[in-house]
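All values derive from a computational prediction rather than experimental measurement. Residue indices begin at 1 and follow the sequence shown.
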Amino acid sequence: MAIFNNNKVQGLLIDRGLKDLDDQTVEHVEAIFSELDENKLLNKSNTGNFTDRSNQEKVGFLRALVEQNWIIISQNQRILDEMKKHH
């Protein structure tokens, strides 16, 4: 698994609205980013060997799920932050 440099991780977190995650979550996100990058699923380029339409559709669907997960992570972090304010 490739390990990203910290600047790249921070840039990706900011791009997805996740700049205020706690350190433990950032470590998990870094592992996710590394896995996605290794499998060419992190960006919208078609650099993988997805020659038939069926595979392209599957990859597109997986990318959509990944992006949905970034939204959920961001929302969860906001909920945690609000809970900390009230305790």
Side-chain angles (χ1 to χ4, degrees):
M1 170 170 50
I3 301 297
F4 283 0
N5 68 44
N6 199 32
N7 291 333
K8 189 170 183 179
V9 171
Q10 289 304 317
L12 291 168
L13 290 172
I14 290 168
D15 286 347
R16 285 166 172 79
L18 301 171
K19 64 181 177 148
D20 296 324
L21 298 176
D22 62 53
D23 291 341
Q24 183 179 12
T25 304
V26 169
E27 288 179 29
H28 293 291
V29 169
E30 181 178 337
I32 293 166
F33 280 145
S34 293
E35 184 69 26
L36 293 173
D37 188 51
E38 186 176 302
N39 290 295
K40 309 287 190 240
L41 295 173
L42 191 56
N43 54 39
K44 293 182 181 178
S45 68
N46 284 327
T47 56
N49 289 325
F50 307 117
T51 54
D52 70 51
R53 183 173 171 87
S54 173
N55 283 339
Q56 289 174 352
E57 289 171 355
K58 289 174 191 170
V59 169
F61 178 70
L62 291 173
R63 284 183 181 144
L65 288 175
V66 167
E67 292 302 322
Q68 179 185 35
N69 286 339
W70 298 134
I71 293 166
I72 293 168
I73 291 168
S74 178
Q75 290 171 335
N76 286 343
Q77 187 63 51
R78 281 188 249 145
I79 291 167
L80 290 170
D81 291 343
E82 285 297 316
M83 289 174 65
K84 288 177 186 176
K85 285 181 189 178
H86 298 290
H87 281 103

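Within the 3.5 Å criterion, the main-chain N or O of Glu30 finds a donor-acceptor partner in the side chain of Ser34.
Pairing each heavy atom of Leu18 with each of Trp70, the nearest pair is CD2-O, 3.5 Å. Minimum interatomic distance between Ser74 and Gly17 (heavy atoms only, all atoms of both residues): OG-O, 3.3 Å.
Ile79 belongs to a hydrophobic cluster with Met83, counting contacts under 4.5 Å between side-chain heavy atoms of Ile, Leu, Val, Met, Phe, Trp and Tyr, direct or through other members.
To the nearest 0.5 Å, the span separating CD1 on Ile73 from NE2 on His28 amounts to 10.5 Å. Atom CG of Asn76 sits about 12.0 Å away from atom CD1 of Ile71, to the nearest 0.5 Å. For the atom pair CG of Leu65 and CZ of Arg63, the computed distance is 12.5 Å after rounding to the nearest 0.5 Å. We find the CD-CD1 distance between Glu67 and Ile72 to be 11.5 Å, quoted to the nearest 0.5 Å.
Taking the side chain as every heavy atom from C-beta outward, Asp22 and Gln77 approach each other to under 4.5 Å.
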